[in-house]
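Since this is a predicted model, take the numbers as computed values, not measurements. So you know, we letter chains A, B, ... as the sequences are listed, proteins then strands, and number each from 1.
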Amino acid sequence: MSVRVRIAPSPTGNLHMGTARTAVFNWLFARRHGGQFLLRIEDTDRERSRQAFTDSILTGLRWLGLDWDEEMVFQSRRNRDHREAIAALLATGQAYRCYATEAELNAMREAQQAARQAPRYDNRHRRLSHEQIAAFQKEGRPAVVRFRIDDTEEILWQDMVRGPMRWRGADLGGDMVIARRAPAHEIGDPLYNLAVVVDDIAMGITHVIRGEDHIANTAKQLLLYNALGAPQPSFAHTPLILNKEGRKLSKRDGVTSIDDFQALGYTAAAIANYMCLLGWSPPVELGERFDLAAAAAVFGFDRVNKAGGRFDWDKLKWLNSQVLHAMDGATLRDALLPRWQAAGLNTDQPPAWQEKLAALLGPSLVVLQDGVEQARPFLGRPEPDDASRVQLQVEGCQTALRHVLRHRPQAFEPSAAKALLTAAARAAGVRKGVVMKGVRAALLGRLHGPDLLLSWELLHGVGEDDRRLRAALQ
RNA sequence: GCCCCCAUCGUCUAGAGGCCUAGGACACCUCCCUUUCACGGAGGCGGCAGGGGUUCGAAUCCCCUUGGGGGUACCA
């Protein structure tokens, strides 16, 4: 059987970490088995759905490298199918109209809670007489459509992550609403569980891979598959991504959308890698650092964990730094350039020079955005910080700088420059460290940064070294 | 409340009854490299939630307790 899986986000927010991770597992599974990975936008909640969110989801998935097969499906355009399915269920008596009012239902739930019972619909309109129905309709009462769920029903499935699962119909909360309230002769807006099943059937989905927060939905949906006479797909309920406090990661946790991570300077490679590591333990041969294609070659739910995993910034940062450190100058320069420009830095230098700068900065970057502050002394004309000012006043520092300026060679040569620093220290009668810190302070305006000689060489390359050295002299 | 799920270092995890004196990664600490900051290298700290069983033998199997999470919509 060929594998067909899907990711079905609702466009009510930007692409979320949790959604992206579910997408990763789906993608991995599809690629592992040479199947299809499909995309369905569940935009039936018109109040909350927005085009901008759909765009965020699409660009985010592409950015991560999660390419989908076939044309994406918009759930809102499949409304007719959903209604037909509801009509069919109505026709076979597996669904019925419930005329209970909201007030009536609320009163019922309050009574249940007062009696310390689980809130549930008591199936009161399941067997209405013709007279009662006629009376409600004469009243003009609208109705929802409910799907019958017998309390005695036993729902069993083999979960690819959790093994054998069992759910009782009695724990599903009574007959479930599958169509919103509407005039009694119509069928209202189809609801989530029904739409999902109808669409998954239509799309030929063979494996439903989603977060464990959907387990109860699975029990309901399995019943719907039977009622609609469709074969049941396999299910895999993946562990959730938890926040620092151990709760399900939500928008309230601050940075949770893929767009946010991208803006901060995390790479798609690191994020994809990290999402794999959260909940799945790769076989040892794969190691911890890998790309999606490598993971896809060995992915399986047998190594997916059951317990939720806490999102760990430190690990993601480490992974990201590893990705950045492995980049060559040209690649890194291309990634940094837009950020330099956005920060208003001067980027008129030749690309080759910028690549050298990127390569110099590379090892100290954790996120791409770090490359902005760190490049500032090279691309701009930074004000020296306090520590630098102090350094330039250190006994003998000025003398040494003057020596350096007086004896500087025309063409920059690292070993010559190094020798010059030694000579300057001797001439000024100070330790070499004083000279090195002094030159650094003069050139960069800071005391910390990448290798001094390489930094110097770069500034020399754009004719900035003399000017800065002179400016540092009183 | 009710239903379901889960439980190994601070975090992510390896572990399928003897290979476990519980392994790895991140974080943290120390040292080396480096007259800066990083990178890199070497080492260290640190854990089977508790209690009962089963077994010659349990991190691994069973039960209970505790703890944590998810779900309980006319949202998706």
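Within residues 211-220 of chain A, the residues that place at least one heavy atom under 4.0 Å from RNA chain B are, in residue-number order, A:E212, A:D213, A:H214, A:A216, A:N217. Contacts between residues 42-55 of chain A and RNA chain B, defined by a heavy-atom separation under 4.0 Å, are made by A:E42, A:T44, A:D45, A:R48. A heavy-atom distance below 4.0 Å to RNA chain B is reached by these residues of residues 143-160 of chain A, ordered by number: A:V144.
Evaluation of the side chain to side chain donor-acceptor pair (under 3.5 Å) rule for A:R468 yields A:E464 as partners, not counting sequence neighbours. For the side chain to side chain contact (heavy atoms under 4.5 Å, CB included) test, residues two or more places apart in sequence or in another chain that qualify with A:E153 are A:D150, A:I155, A:L223. Every side chain to side chain contact (heavy atoms under 4.5 Å, CB included) that A:R303 has, sequence neighbours left out, goes to A:W280, A:S281, A:P283. A:A330 pairs by the side chain to side chain contact (heavy atoms under 4.5 Å, CB included) definition with A:D328, A:E355, not counting sequence neighbours. The salt bridge (charged side-chain N to carboxylate O under 4.0 Å, His left out) check on A:E104 picks up A:R124, A:R141, with sequence neighbours excluded.
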Ignoring hydrogens and angles, write down the donor-acceptor pairs under 3.5 Å from the side chains of residues 304-318 of chain A, residues two or more places apart or on other chains.
residue : atom : partner : partner atom : Å
A:R310  : NH1  : A:K244  : O            : 2.8
A:D312  : OD1  : A:D314  : N            : 3.2
A:K315  : NZ   : A:E288  : OE2          : 3.1

Donor-acceptor contacts, no H, no angles, side chain residues 172-180 of chain A, under 3.5 Å, sequence neighbours left out:
residue : atom : partner : partner atom : Å
A:D175  : OD1  : A:R126  : NH2          : 2.9
A:D175  : OD1  : A:I149  : N            : 2.8
A:D175  : OD2  : A:Y96   : OH           : 2.6
A:D175  : OD2  : A:R126  : NE           : 3.0

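Residue contacts for A:Q322: at a heavy-atom cut-off of 4.0 Å it reaches the sugar-phosphate backbone alone, with no base atom in range.
When Watson-Crick and G-U wobble pairs are counted only if both distances are under 3.5 Å, B:rA25 pairs with B:rU11. When both pairing distances are held under 3.5 Å, B:rC31 makes a Watson-Crick or G-U pair with B:rG41.
Contact record, A:V434 with A:Q391: O-NE2, 3.4 Å, taken as the closest heavy-atom pair.
For B:rC75, one of the phosphate oxygens OP1 or OP2 lies less than 4.0 angstrom from a side-chain nitrogen or oxygen of A:R180.
Here ring pair (Phe, Tyr, Trp, His ring centres under 6.0 Å) pairs that include residues 420-456 of chain A, with residues two or more places apart or in two chains, are A:F412-A:W456. Applying the side-chain hydrogen bond (donor to acceptor under 3.5 Å, both in side chains) rule to pairs touching residues 362-374 of chain A yields A:R339-A:Q369, A:S364-A:Q374, A:E373-A:R376, sequence neighbours excluded.
Between the side chain of A:K315 and the base of B:rA25, a donor-acceptor pair under 3.5 Å is found.
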